[in-house]
Novice: 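First the structure, then my questions, so here it is.
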Amino acid sequence: MYFYKKKSNPFMEYKFNEIEKKWQEYWEKNKTFKVEVDHSKPKFFILDMFPYPSGSGLHVGHPEGYTATDIVGRFKSMKGYNVLHPMGWDSFGLPTENYAIKTGTHPNIITQKNIQVFKRQLKSLGFAYDWNREIATSNSKYYKWTQWIFTKLYNKGLAYEDEIQVNWCPDLKIVLANEEIVDGKSELGGHKVIRKPMRQWMLKITEYADKLLEDLDELDWPDNIKEMQRNWIGKSEGANIKFKIADNNQIIEVFTTRSDTLFGATYMVLAPEHELVAKITIPENKKTVEEYIQKATVKSDLERTDLAKEKTGVFTGAYAINPANNQKIPIWVADYVLISYGSGAIMAVPAHDQRDWEFARHFDLPIIPVLEGGDIEKEAFIEDGAHINSCFLDGLGKEDAVNKMDNWLIGKKIGKKEINYKLRDWVFSRQRYWGEPFPVLKYEDGTVRCLDEDELPVTLPDVDKYEPSGTGESPLATIDSWLYITDPKTGKKARRETNTMPQWAGSCWYYLRFCDPGNDEKAWSDEAEKYWMPVDLYVGGVEHAVLHLLYARFWHKVLYDLGLVSTKEPFKKLVNQGLILGEDGEKMSKSRGNVINPDSVIENYGADSLRLYEMFMGPLEKVKPWSENGVKGVFGFLIRTYKFFANPDNINKETEDPDTLKALHQTIKKVENDIEGLRFNTAISQMMIFTNHCLKAGTVTRNTAEIFTKLLSPFAPHLAEELWEVLGNEPSIANEKFPAYSEEFLKEDTFEYPVSFNGKLRFKIELSISLGKEEIEEAVLNDKRAERWLDGKKPKKLIVVPKRIVNVVV
RNA sequence: GCCCAGGUGGUGGAAUUGGUAGACACGUUGGACUUAAAAUCCAAUGGCCUUUAACGGCCGUGCGGGUUCAAGUCCCGCUCUGGGUACCA
């Protein structure tokens with residue numbers, strides 16, 4: 001019955017490796033995917049989070065997002081859009097530097113090699129990139145402009161230097177990344193790690209906190225990502241209250257969102273790093289307090305704020321005066337209060353804050369309830385209630401009490417309304433070699449000059465060794481010939497900044513460079529930026545939900561305020577792809593030995609199979625495990641598709657069957673809608689259904705075959721090009737219009753109603769869709785099968801949902 | 001700890017707005033083809049029960065409650081897994 005049963009025709013074999021090579025060469029030779037500004041067409045800018053070119057090559061996780069965007073790009077292009085879908089390299093980074101230290105190889109050589117591997121692998125997947133737009137953040141032609149943006153930030157007063165706690169390893173004499181610390185010890189060698197203040201460049205992202213928060217509303221991003229960003233920014237409105245210290249003229253300022261509970265403040269807590277600690281601690285307690293502070297420096301913020309562990313702290317011996325009732329309350333030092341949030345000091349209200357409650361319980365401090373409700377013997381009561389033990393607030397609810405207290409504090413000049421953010425300024429420097437040097441000179445007199453545009457780029461000098469200097473400074477501090485210069489602009493002797501920028505810097509603005517990557521005069525031209533921006537679709541891993549996306553938005557907003565870009569936000573729509581796990585359901589890692597190499601998948605099944613499988617696995621956003629059998633499944637689909645449509649014997653109909661026409665138009669509609677909604681798995685399943693239909697039908701018209709080939713082309717572009725040619729057409733199918741469906745073929749005359757009794761499906765009945773509700777009721781009740789379930793009774797209620805369901809309530 | 005997700009057959013998943021749970025695919029089993037195997041094709045396939053068969057019944061979307069004519073979908077509580085947690089990116 002089926003042609004392929006005969007297994008005779010050797011030309012009918014699906015030779016995917018030949019086909020894929022042929023078309024990849026064709027696209028490259030004919031510059032099929034070259035893209036330029038074209039005002040005659042609407043633009044569509046699709047961006048992938050560009051990869052860090054690691055030494056282990058492409059991972060099957062990379063092609064997931066890249067295939068998704070490739071499908072959208074090819075689809076949008078067939079829909080008449082001018083599509084910008086570029087690719088490049090986030091090529092500064094820690095692993096390369098660590099490898100350089102280990103092997104003594106220049107990071108740039110390692111990076112170039114890795115990029116070559118990545119590029120070859122990406123090309124073998126048949127993505128429609130315009131490789132003319134390739135960029136690499138570690139290229140000085142690129143980082144010149146990263147430095148230029150830094151100068152803009154600096155000149156706008158958004159960059160400053162400060163002493164910040166870093167992870168210092170005294171044995172290795174280097175600053176460690178959080179990732180390099182395991183259980184409080186250095187990952188390499190297991191040496192101890194302490195927190196030590198060190199001079200760092202900071203960016204005032206907090207100045208943009210409100211804008212970053214407000215503008216989230218207008219973005220077409222997943223709600224959970226917006227929520228995570230909102231929580232990260234952590235805006236809270238409250239009050240700043242001044243507490244006098246007894247027998248001392250010092251003042252402790254605290255931030256609280258619950259000024260209404262002031263009467264319940266029974267003690268105060270200073271963060272161990274708070275400057276007042278040393279000033280107020282009484283001599284007898286000095287030793288314990290100092291020891292405690294010493295211990296706290298070893299801990300990370302994460303460890304310190306862990307609710308599950310027992311609270312720790314020490315008494316300073318000093319007392320503050322609660323301004324509400326003039327009571328003396330003890331001042332403690334405890335590491336559950338962080339110096340980085342608010343003023344680094346709190347008024348503790350153990351009756352109404354769980355952390356304070358636990359602390360008070362542990363140290364036997366008084367717990368005075370000031371709101372009615374709850375049981376403070378068991379836990380803190382954090383809900384609303386009428387105030388008690390609170391003098392002029394008694395009887396009021398939370399909101400009124402907060403207002404009344406704030407006004408009272410303002411009147412007494414001991415408090416004011418204050419807004420606080422959890423968001424902290426961005427530590428923007430690293431003591432490393434493989435990053436952008438800061439365009440900053442430091443003179444002998446301690447003054448600083450940020451370089452001008454004509455002095456950029458400040459390029460990385462070659463060094464012999466990549467180990468940090470030993471003083472905590474980067475290896476750049478050891479290259480005297482680079483380090484010390486006589487500044488040609490001022491004639492003064494200067495030392496260069498030895499810190500480098502974090503990897504985030506390059507990825508904060510790469511989408512802008514993609515608009516105009518070859519520009520030697522400017523970071524980007526106004527024309528290109530105005531035409532292409534904003535990014536219409538941004539796809540990448542959910543692990544970037546907060547940091548990268550917040551940092552990039554911050555830079556973009558600064559550039560917007562400087563009039564350098566035309567949109568307030570860089571990324572209009574965002575989608576996060578889910579992680580691909582190994583076949584064992586665990587995260588892929590070398591140590592587990594469950595890593596899938598895309599090269600071998602392509603070798604065995606072809607790029608189209610890999611692309612199709614990654615899209616067929618499940619929803620783009622979901623975490624899902626790899627399965628070799630799944631690849632075989634879609635591979636089989638491609639073989640069947642090729643063998644059917646490439647065989648002239650099957651493409652010999654004059655007029656198409658109504659059944660096939662209906663299936664075809666259903667498929668067009670579903671594939672189009674599903675691509676728009678990024679539901680590639682169901683689009684593919686629909687194409688499988690259609691192919692199965694064609695195999696059963698035996699033959700189809702050329703027109704049907706051509707339409708189907710176009711539908712398939714964004715997903716399996718190599719196979720589609722080949723079929724397009726076999727069907728007698730000129731390449732490339734990428735230049736064809738995407739097919740349109742016609743409603744007339746989709747019309748249904750009848751609907752098979754599921755009929756349930758008390759919510760349980762009992763039988764189905766096929767009825768004309770033209771029937772009204774009453775006619776449907778009648779048809780159902782008159783059906784023989786209804787008798788059994790009605791049991792002679794009259795139905796209590798009958799629910800008819802047209803073209804959906806009938807439910808009889810008995 | 002805190003913030004954010006997710007949990008549906010043996011497996012990946014489908015069910016787009018509360019309306020036929022399990023589309024499509026894998027796997028498994030049986031059959032065809034073959035000297036044989038592979039490949040390919042055909043058929044069956046959530047579990048339990050009933051029945052010679054046909055027909056049919058009960059249960060079923062992590063667990064426990066609730067709302068509704070109707071819940072995988074909405075609400076409350078729990079549990080397990082994953083991502084982020086500011087120097088991995």
Side-chain angles (χ1 to χ4, degrees), chain A residues 1-2 4-5 7 49 51-52 54 90 93-95 166-167 175-181 200 205 222-225 227-232 234 300-309 336 340 355 422-427 429-432 502-504 507 540-548 550-551 576 578-579 581 585 587 613 616-619 621-634 636-637 639-640 643 673-674 677 679 681-682 684-689 692 695 752-761 764 788 796-799 801 804-809:
Chain A
M1 179 182 180
Y2 302 115
Y4 38 79
K5 246 185 153 173
K7 76 161 192 177
M49 289 184 187
Y52 169 68
S54 72
D90 191 11
L94 196 58
V166 297
N167 304 311
V175 178
L176 293 173
N178 289 338
E179 194 194 43
E180 298 174 295
I181 301 167
Q200 304 289 347
I205 189 172
D223 285 335
N224 61 304
I225 302 295
E227 190 61 18
M228 281 162 84
Q229 292 221 344
R230 279 189 201 106
N231 293 336
W232 188 262
S300 66
D301 286 358
L302 204 76
E303 292 168 303
R304 286 170 52 165
T305 50
D306 194 333
L307 253 186
K309 60 122 222 216
Y336 78 96
S340 52
R355 293 158 300 183
K422 235 187 283 171
L423 183 69
R424 312 203 288 257
D425 276 346
W426 176 10
V427 184
S429 48
R430 304 288 183 266
Q431 293 68 53
R432 291 283 182 168
Q503 197 175 357
W504 306 113
S507 60
V542 70
E543 64 273 20
H544 297 288
V546 180
L547 296 181
H548 160 66
L550 199 67
Y551 292 154
N576 294 113
L579 204 66
L581 306 172
K587 208 172 178 177
Y613 172 62
F616 187 62
M617 288 173 88
E621 306 83 358
K622 261 195 81 164
V623 178
K624 35 206 183 266
W626 184 265
S627 153
E628 169 112 17
N629 280 327
V631 185
K632 285 184 195 162
V634 292
F637 163 67
I639 292 172
R640 286 190 291 277
K643 287 189 175 176
N673 288 343
D674 282 355
R679 292 180 298 267
N681 54 332
T682 49
I684 293 165
S685 116
Q686 181 62 39
M687 289 190 284
M688 288 174 169
I689 291 169
N692 291 345
L695 290 170
E752 192 179 40
Y753 278 93
V755 179
S756 42
F757 287 78
N758 292 335
K760 281 190 178 156
L761 178 72
K764 293 178 189 176
R788 177 171 172 193
K796 219 196 269 174
K797 201 172 167 190
L798 228 152
I799 290 132
V801 184
R804 282 252 187 237
I805 201 169
V806 178
N807 190 17
V808 186
V809 186

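Quick note on labels: first sequence line is chain A, next is B, and so on, each numbered from 1. Predicted, not measured: the structure shown is a model, and the values here were computed from it.
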Novice: Classify the nucleic acid contact of A/P222 as base, sugar-phosphate or nothing, counting any heavy atom under 4.0 Å across all strands shown.
Specialist: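 No contact at all - A/P222 keeps every heavy atom at 4.0 Å or more from the nucleic acid.
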
Novice: Counting the atoms with a prime plus P, OP1 and OP2 as sugar-phosphate, which does A/Y52 contact under 4.0 Å by heavy atoms, base, sugar-phosphate, or nothing?
Specialist: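 No contact.
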
Novice: Answer with base, sugar-phosphate or nothing: what part of the nucleic acid does A/E621 contact at a heavy-atom distance below 4.0 Å?
Specialist: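 Here A/E621 touches no strand at all.
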
Novice: Check every atom of B/A86, B/G12, B/U20 against the side chain of A/W232 and return the nucleotide holding the closest atom.
Specialist: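 Per side-chain heavy atoms of A/W232, the pick is B/A86.
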
Novice: When all nucleic acid strands are considered with a 4.0 Å heavy-atom cut-off, which category describes A/V175: base, sugar-phosphate, or nothing?
Specialist: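 Base: the residue A/V175, judged by heavy atoms under 4.0 Å, touches a nucleobase.
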
Novice: Could one point to a donor on the side chain of A/E227 or the base of B/C3 with an acceptor on the other under 3.5 Å away?
Specialist: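 Looking at the base of B/C3, it does not pair with any donor or acceptor on the side chain of A/E227 (distance under 3.5 Å).
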
Novice: Measure the distance from NZ on A/K624 to C1' on B/U8 and round it to the nearest whole Å.
Specialist: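 Roughly 17 Å, once rounded to whole Å.
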
Novice: Salt-bridge test for A/E180 and A/R432: reply yes if a basic N is under 4.0 Å from a carboxylate O, no otherwise.
Specialist: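 A salt bridge is present here (some side-chain N lies under 4.0 Å from a carboxylate O).
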
Novice: Rounded to whole angstrom units, what separation is found between the NZ atom of A/K632 and the P atom of B/A25?
Specialist: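 Rounded to the whole Å, the gap is 17 Å.
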
Novice: Sub-3.5 Å donor-acceptor pair from the side chain of A/N167 to the main-chain atoms of A/V175, do we have one?
Specialist: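 No, A/N167 side chain to A/V175 backbone: no donor-acceptor pair under 3.5 Å.
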
Novice: Calculate the interatomic distance between A/K587 atom NZ and B/G84 atom P; express it in whole Å.
Specialist: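 Interatomic distance, NZ of A/K587 to P of B/G84: 5 Å.
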
Novice: Would you name the heavy atoms of A/V546 and A/Q229 that are closest together and state the gap between them?
Specialist: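 Between these two residues, the closest heavy atoms are O-NE2, 3.6 Å.
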
Novice: Base, sugar-phosphate, or nothing: which does A/V808 touch, judged by heavy atoms less than 4.0 Å apart?
Specialist: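 Nothing, no heavy atom under 4.0 Å.
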
Novice: Over all strands shown, is A/L798 touching base, sugar-phosphate only, or nothing at heavy-atom distances under 4.0 angstrom?
Specialist: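 Here A/L798 touches no strand at all.
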
Novice: Is there a donor and acceptor pair, one atom on the side chain of A/N807 and one on the base of B/C69, closer than 3.5 Å?
Specialist: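 Answer is yes: a donor-acceptor pair is held.
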
